[in-house]
J.: 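First the structure, which I've put down as structure tokens, then a few questions once you've had a look.
Letters A, B, ... are given to chains in the order of the sequence lines, protein chains preceding strands, and every chain is numbered from 1. Just so we're clear, the structure is a prediction, and the values are computed from it rather than from any experiment.
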Number of protein chains: 2
Amino acid sequence: MTAATSDEGAAVPVTIRDVARASGVHISTVSRTFSAPHLVNPETRVRVLACAEDLGYRPNRAARALITGRTHNIGLIIADIANPFFPPLIKAAESQARHRDYHVFVADTNEDPTAEEELVHALAKQVDGVLLCSPRMSNSLIEQLSREVPLVVVNRQVTGLPCVLMDVGQGARAAIEHLVGLGHTRIALLGGPRSSWTNREMRRAAATAARAGGAELTLLGPNAPTETGGSAVAEQVRRSGVSAVLAYNDLMAIGLIEGLDALGVRVPQEVSVVGVDDIALSRLTRPKLTTVATPTAAAGRTAVDMLLQQDTESPRGTRGLGAGTALGVRRTTAQVMLQTDLVIRDSTGPGPQARPARPLAASLGPDPHCPAGPGTATAATGDAVAS
Amino acid sequence: MTAATSDEGAAVPVTIRDVARASGVHISTVSRTFSAPHLVNPETRVRVLACAEDLGYRPNRAARALITGRTHNIGLIIADIANPFFPPLIKAAESQARHRDYHVFVADTNEDPTAEEELVHALAKQVDGVLLCSPRMSNSLIEQLSREVPLVVVNRQVTGLPCVLMDVGQGARAAIEHLVGLGHTRIALLGGPRSSWTNREMRRAAATAARAGGAELTLLGPNAPTETGGSAVAEQVRRSGVSAVLAYNDLMAIGLIEGLDALGVRVPQEVSVVGVDDIALSRLTRPKLTTVATPTAAAGRTAVDMLLQQDTESPRGTRGLGAGTALGVRRTTAQVMLQTDLVIRDSTGPGPQARPARPLAASLGPDPHCPAGPGTATAATGDAVAS
DNA sequence: TACTTCACTGCAAACCTTTGCAGGATCACC
DNA sequence: GGTGATCCTGCAAAGGTTTGCAGTGAAGTA
């Protein structure tokens with residue numbers, strides 16, 4: 001209703017000055033009306049607010065950020081938005097941020113380390129901090145970038161920086177033990193991206209667990225952490241003669257099952273498959289996927305909390321300090337490890353030892369084993385465990 | 001290597017002034033070195049660049065935006081990042097933007113119209129324009145917001161605003177004709193969100209096509225456009241006695257198939273199901289989903305192009321003009337309609353007429369029909385058709 | 001030599017907001 | 001009536017950058 005809401009197409013930018021003029025006060029009073037209302041007379045306040053509403057005034061967040069050093073934005077950099085692993089993390093981060101009056105900007109790097117670096121630079125001055133999820137760049141580069149903007153790293157351990165980790169080592173161990181318990185003695189590990197911390201952790205833990213269980217572990221990879229990455233190695237899996245596979249993530253596991261199916265190899269009758277992540281999709285495929293559930297939502301929430309905490313500790317561009325902390329004392333660098341849980345569904349079954357003769361196995365019926373019914377194990381609780 | 005790269009934890013913000021001091025020139029020369037290099041002496045330029053590199057200087061984009069009125073950012077607001085329909089669109093938009101030296105910030109609204117509005121405001125001064133994908137708010141609110149920041153709308157027709165539309169009407173028609181051709185005479189339409197433009201278009205087109213084909217169309221909905229939204233209506237579908245269903249999107253279709261399966265109703269033997277979107281997942285389910293493929297990537301690209309074109313037309317905050325265009329002449333408001341394609345896979349089969357007696361149908365074997373083999377029809381070309 | 005042209009650089013205003021400081025008015029209290 | 005406190009508001013600097021304008025010196029031209 002009125003002046004500025006005329007139907008001109010182009011946006012006429014209305015500033016604090018226009019509001020000041022319209023309501024007959026100084027611009028500083030208008031500013032305070034928005035950023036410190038208790039400091040201004042209630043009468044004046046309503047008048048200013050009315051004028052602002054009338055003119056369609058919105059504080060310019062860029063200008064505000066310039067002087068306060070606070071944008072109230074968080075950057076969220078992820079490797080691949082098409083990977084269903086990330087959306088729950090993103091949503092949890094967003095909701096947590098919203099509670100604290102922050103907004104989240106998501107950016108996708110297409111698994112490209114160069115894009116990662118560039119995006120951190122681009123975001124640096126437009127956000128108060130960046131969440132780096134499953135980064136593909138080097139630790140040293142991450143450390144270097146952390147001097148430009150506060151960083152919280154997810155799914156990667158960087159000394160000196162706050163990290164949110166998921167205990168995929170424990171998950172891989174549980175998966176291998178599950179497979180060994182089913183009678184599998186030759187197991188393959190489908191590796192993910194070479195630069196992935198998760199990948200290394202899984203490999204280490206799986207190797208230890210296999211050795212302890214007396215099973216032989218074959219390493220296949222690195223591979224693209226996608227469905228096609230999984231289906232591409234189906235032939236290799238078949239030739240390798242293993243009876244069970246632990247895949248880097250659910251997407252690869254699903255792709256592998258598809259690929260094996262195309263080769264006439266049946267899951268879980270001939271080969272058992274375990275994934276990691278417990279994405280929504282893993283409950284929709286046939287067979288339903290046995291997988292290591294990772295607490296993605298909890299990770300998103302925790303990461304935001306850590307960033308905002310670190311952020312409020314050093315307000316206003318951190319002018320003063322710096323010299324005092326020269327000798328590596330740095331800021332708080334808590335690292336949080338979240339627990340994972342093995343969810344047993346239908347893609348794993350008895351190994352060669354425990355199995356009857358081959359031809360029979362193929363016609364066992366729709367529900368070949370199911371130790372405790374599909375989807376019994378609960379999703380990860382995501383309890384935080386400081387380390 | 002040097003001064004600023006000391007190992008203090010806190011980021012000491014280095015500005016254009018520091019670089020100027022270090023290289024012995026005025027700040028304006030430093031500025032030009034970055035924003036208009038051809039205006040500065042090559043020797044000076046290398047010196048300045050060396051100093052900048054040395055100090056770790058990065059232009060402050062917020063400050064730059066404040067004065068130029070250009071942020072080189074694009075906002076992308078979507079209803080639900082967990083819906084696999086969106087990632088291809090996001091990725092295409094990002095890649096297109098990157099080519100034009102823009103960055104994309106994605107924000108998720110959780111299908112909440114209030115969050116949508118709030119996000120537009122929050123983004124307004126931090127981006128040069130916003131892509132509004134499948135908005136849930138009212139047309140009038142969209143028009144109002146478009147005065148605050150340039151907008152391009154995807155999957156919604158708003159007069160006076162640039163829009164990128166997908167011809168779901170044509171898609172729904174093709175789907176109904178396909179089903180009628182298979183002998184189905186009682187078909188249900190699983191509706192999506194009430195406020196969705198796509199939903200209305202589909203309903204209209206499906207109704208017309210059904211009437212033309214002599215089939216009876218039952219409307220079920222509105223429903224949440226998710227997998228659970230689909231599985232929730234399985235019982236209702238069974239009771240309704242229809243032999244075929246066209247779902248609002250693939251997620252619902254897949255959920256419905258799951259739900260029907262749980263009730264012992266087999267797809268496509270007893271009920272045929274068609275989805276919309278052709279998300280990657282639709283090729284992974286059993287049965288593989290017959291669906292209307294929408295050109296999501298092309299939509300993302302096109303939307304960015306339209307935004308940037310509109311953007312470059314009116315540089316620098318559009319100070320001058322405005323009065324001249326008062327009478328609804330506005331800026332260019334091209335609307336683009338992208339084509340869709342029906343992809344026939346395994347979730348649709350012959351209707352009751354064409355079928356043998358009921359009891360037999362249940363044991364027909366794995367591949368009941370397959371008119372032309374799975375996945376024959378090609379994905380949508382996405383040719384733009386101005387309208 | 002005088003004049004023009006050119007390439008380069010410095011100056012200062014501008015963008016929009018926040019905020020420390022100080023001034024003015026009002027009020028209570030002694 | 002004087003003192004102090006309290007509440008509200010204005011002033012002006014600051015934040016980091018861009019950019020029109022003007023100035024400098026050198027090279028080119030007549």
J.: Which pairs count as ring pair (Phe, Tyr, Trp, His ring centres under 6.0 Å) when at least one residue sits in residues 60-81 of chain B, sequence neighbours excluded?
T.: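 For residues 60-81 of chain B: B:His72-B:Tyr102.
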
J.: Show the atom names and distances, to 0.1 Å, of all donor-acceptor pairs under 3.5 Å that link a side chain in residues 27-34 of chain B to residues at least two apart or in another chain.
T.:
residue : atom : partner : partner atom : Å
B:Ser28 : OG   : B:His26 : ND1          : 3.0
B:Ser28 : OG   : B:Arg32 : NH2          : 3.4
B:Thr33 : OG1  : B:Thr29 : O            : 2.7

J.: Mind checking side-chain hydrogen bond (donor to acceptor under 3.5 Å, both in side chains) for A:Glu94 and listing every partner two or more places apart, or none if nothing turns up?
T.: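 If we apply the side-chain hydrogen bond (donor to acceptor under 3.5 Å, both in side chains) test to A:Glu94, skipping adjacent residues, there are no hits.
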
J.: List for me each residue that meets side-chain hydrogen bond (donor to acceptor under 3.5 Å, both in side chains) alongside B:Arg136, sequence neighbours excluded, and say none if there are none.
T.: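 side-chain hydrogen bond (donor to acceptor under 3.5 Å, both in side chains) check on B:Arg136 returns B:Glu111.
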
J.: Would you please name every residue forming a ring-ring contact (aromatic ring centres under 6.0 Å, His included) with B:Phe86, sequence neighbours left out?
T.: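 Once residues adjacent in sequence are excluded, B:Phe86 has no partner under the ring-ring contact (aromatic ring centres under 6.0 Å, His included) criterion.
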
J.: Going by heavy atoms closer than 4.0 Å, what residues in residues 119-126 of chain A are next to DNA chain D?
T.: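 Under 4.0 Å from DNA chain D: no residue of residues 119-126 of chain A.
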
J.: Suppose we screen for ring-ring contact (aromatic ring centres under 6.0 Å, His included). Which residues come up paired with A:His121, at least two apart in sequence or across chains?
T.: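 Counting only residues at least two positions away or on another chain, A:His121 forms no ring-ring contact (aromatic ring centres under 6.0 Å, His included).
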
J.: Check DNA chain D against residues 43-53 of chain B and give the residues with a non-hydrogen atom under 4.0 Å, in numerical order.
T.: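 Correct list: empty, so none.
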
J.: Please report, to 0.1 Å, the donor-acceptor pairs under 3.5 Å made by any side chain of residues 43-53 of chain B, with sequence neighbours excluded.
T.:
residue : atom : partner : partner atom : Å
B:Arg45 : NH1  : B:Pro37 : O            : 2.8
B:Arg47 : NH1  : B:Ser23 : O            : 2.5

J.: Could you tell me, to 10°, how much the axis swings from one end of the helix from C:dT1-D:dA30 to C:dC30-D:dG1 to the other, five pairs per end?
T.: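 Angle reported: 50°, given to the nearest ten degrees.
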
J.: Sequence neighbours left out, what passes salt bridge (Lys or Arg N to Asp or Glu O under 4.0 Å) with A:Arg21? Give chain and number order.
T.: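 A:Arg21 satisfies salt bridge (Lys or Arg N to Asp or Glu O under 4.0 Å) with A:Asp18 only.
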
J.: Polar pairs (N or O, both sides) under 3.5 Å between protein and nucleotides 12-14 of chain C?
T.:
none

